[in-house]
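This report refers to the structure that appears directly beneath it.
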Protein chains: 2
Amino acid sequence: MCSVFRRSLKRKGLKFTPERAKILDAVLSKQGMFEAEALLFEMRRTGHHVSKATIYRTLKHLLEANIVSEVLIDSKQSHYELSFGREPANYLVCVETDKIVEFSDSQFSKLAENICHKHGFDLINYRFVVYGVSPDARSADEANNEDA
Amino acid sequence: MCSVFRRSLKRKGLKFTPERAKILDAVLSKQGMFEAEALLFEMRRTGHHVSKATIYRTLKHLLEANIVSEVLIDSKQSHYELSFGREPANYLVCVETDKIVEFSDSQFSKLAENICHKHGFDLINYRFVVYGVSPDARSADEANNEDA
DNA sequence: CTTGCTGCAAAAGTTTTGCACACGT
DNA sequence: ACGTGTGCAAAACTTTTGCAGCAAG
């Protein structure tokens, strides 16, 4: 993976620095989605200090290298996920609890290709996000109603 | 539509005020997606002055009434769209030019229902967003390369 | 008269930028 | 040396919140 990033940087005349290596490592260690801030704190915790600005700058490079992709789930902040060599993940989000369930379904890939083809686009990525209310949130609601 | 909003507000013990009416009107007049700021400026331009805070507060109520839905396309800011009584719109986005093409496909509705059912969720909304490079952006790129 | 609404300005939160200095090649 | 990278702090931007006065049932 490291070499993929190296190549992508080289193509743009950029350097593979220790900071970028540390950030890539941290990203690779993440399971599922993460936020820029979370990455920052985790790196601080494990003694790999890199500035916030560098994290954001490096995430941009990782996006361009298609190693990471941006997942827009809510309007609060950007989420990222490791995406290299994987089918894009799709998400089921509870609007009450913010709980997020990941699911995958290979048919989206074909649908995305069809749409792109129809409009002459080159496909980069796609994402299906479903919003709903989880069973947990429903039970919580009922509990509240009984209180009232 | 107005009465839908009224009912939703009443259910929550809230009032249908002149400001909320004006914002609903402005939203109804919009074709496709819009941003909170755009709504603000348009309302200013047409002499319907409402404060920024009220716009944001009202958009929240419209979301809860399922009259409007939030569309997360990029990380810059939230986009909204009128959604009452419509199938959710899906989007094809050019990552170079930010051009957005709307498309619809009824099969997503069933897919979303299936996913929700499988996890015991109540479906609220869903969205399929495809990212790619538009033909326009490709031609622009080639032009740049020739320059170099 | 109690509850909710608005506008303003300030605050909050995330992401970007400017700058001075440091580093890699 | 050169261009690029980094950290820091400040800026920019969108969105939220507190508050004082107002409106409505």
Side-chain angles (χ1 to χ4, degrees), chain A residues 2 5-27 33-44 47-65 68-80 95 98 148, chain B residues 5-27 33-44 47-65 68-80 95 98:
Chain A
C2 180
F5 192 27
R6 282 186 126 97
R7 272 198 298 280
S8 165
L9 289 171
K10 182 161 267 179
R11 225 179 297 128
K12 294 185 287 179
L14 305 178
K15 295 166 188 165
F16 185 72
T17 63
E19 286 80 6
R20 288 174 182 167
K22 284 195 278 186
I23 294 169
L24 176 59
D25 276 355
V27 167
M33 289 189 305
F34 59 89
E35 297 112 62
E37 286 271 295
L39 204 63
L40 177 68
F41 289 141
E42 179 168 311
M43 291 185 69
R44 294 238 159 116
H48 298 115
H49 191 284
V50 180
S51 78
K52 198 163 51 165
T54 299
I55 298 246
Y56 279 104
R57 288 188 277 232
T58 301
L59 281 171
K60 281 233 160 74
H61 295 314
L62 288 167
L63 284 171
E64 281 167 20
V68 149
S69 61
E70 204 172 2
V71 187
L72 297 158
I73 287 291
D74 59 49
S75 44
K76 305 299 178 204
Q77 75 193 131
S78 292
H79 298 243
Y80 300 87
V95 300
D98 293 335
Chain B
F5 191 28
R6 282 185 125 99
R7 273 199 299 279
S8 165
L9 289 170
K10 181 161 266 179
R11 225 178 297 128
K12 294 185 286 181
L14 304 178
K15 294 164 189 165
F16 184 73
T17 63
E19 286 81 6
R20 287 172 183 167
K22 283 194 277 185
I23 293 169
L24 176 60
D25 275 355
V27 167
M33 291 189 305
F34 58 91
E35 297 112 62
E37 286 271 296
L39 204 62
L40 177 68
F41 290 140
E42 179 166 312
M43 292 184 69
R44 294 239 160 117
H48 299 115
H49 191 285
V50 180
S51 78
K52 196 163 55 166
T54 300
I55 299 245
Y56 279 104
R57 288 187 279 232
T58 301
L59 282 171
K60 281 234 160 70
H61 295 312
L62 288 167
L63 284 172
E64 281 166 21
V68 148
S69 62
E70 203 173 2
V71 187
L72 298 158
I73 287 292
D74 60 50
S75 44
K76 305 300 179 201
Q77 76 193 130
S78 292
H79 299 241
Y80 300 87
V95 299
D98 293 334

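Below, chain A is the first sequence line, B the second, and so on; all start at residue 1.
- The existence of a salt bridge linking B:Glu64 and B:Lys12 is confirmed by a sub-4.0 Å separation between a basic side-chain nitrogen and an acidic carboxylate oxygen.
- Nearest heavy atom pair, residue B:Leu24 against residue B:Leu62, reads CD1-CD2, 4.0 Å.
- Between A:His61 atom NE2 and D:dT4 atom P there is a gap of 11 Å when expressed in whole angstrom units.
- The CZ-P distance, from B:Arg6 to C:dG4, rounds to 19 Å in whole Å.
- A side-chain hydrogen bond (donor to acceptor under 3.5 Å, both in side chains) check over residues 14-23 of chain A, counting only residues at least two apart or in different chains, returns nothing.
- For A:Phe34 against A:Leu59, the heavy-atom pair with the smallest separation is CE1-CD2, 4.2 Å.
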Atom pairs, protein N/O to nucleotides 12-16 of chain C N/O, distance under 3.5 Å:
residue: C:dT15; atom: OP1; partner: A:Ser78; partner atom: N; Å: 2.8
residue: C:dT15; atom: OP1; partner: A:Ser78; partner atom: OG; Å: 3.2
residue: C:dT15; atom: OP2; partner: A:Tyr56; partner atom: OH; Å: 2.5
residue: C:dT15; atom: O5'; partner: A:Tyr56; partner atom: OH; Å: 3.4
residue: C:dT16; atom: OP1; partner: A:Lys60; partner atom: NZ; Å: 2.6
residue: C:dT16; atom: OP2; partner: A:Lys60; partner atom: NZ; Å: 3.1

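- Residues B:Leu40 and B:Ser51 approach most closely at CD1-C, 4.3 Å, considering heavy atoms.
- Neither OP1 nor OP2 of C:dT6 sits under 4.0 Å from any side-chain N or O of B:Ser51.
- Residues of residues 8-21 of chain B that place a heavy atom closer than 4.0 Å to DNA chain D do not occur.
- The two residues B:Glu70 and B:Leu63 make their nearest non-hydrogen contact at N-CD2, 3.6 Å.
- When every heavy atom of A:Leu72 is checked against every heavy atom of A:Ser78, the shortest pair comes out as CD2-OG, 4.3 Å.
- Between the CD1 atom of B:Ile55 and the P atom of D:dT17 there is a distance of 17 Å, given to the nearest Å.
- Counting all heavy atoms, side chain and backbone alike, A:Ala21 lies closest to A:Phe16 at CB-CZ, 3.6 Å.
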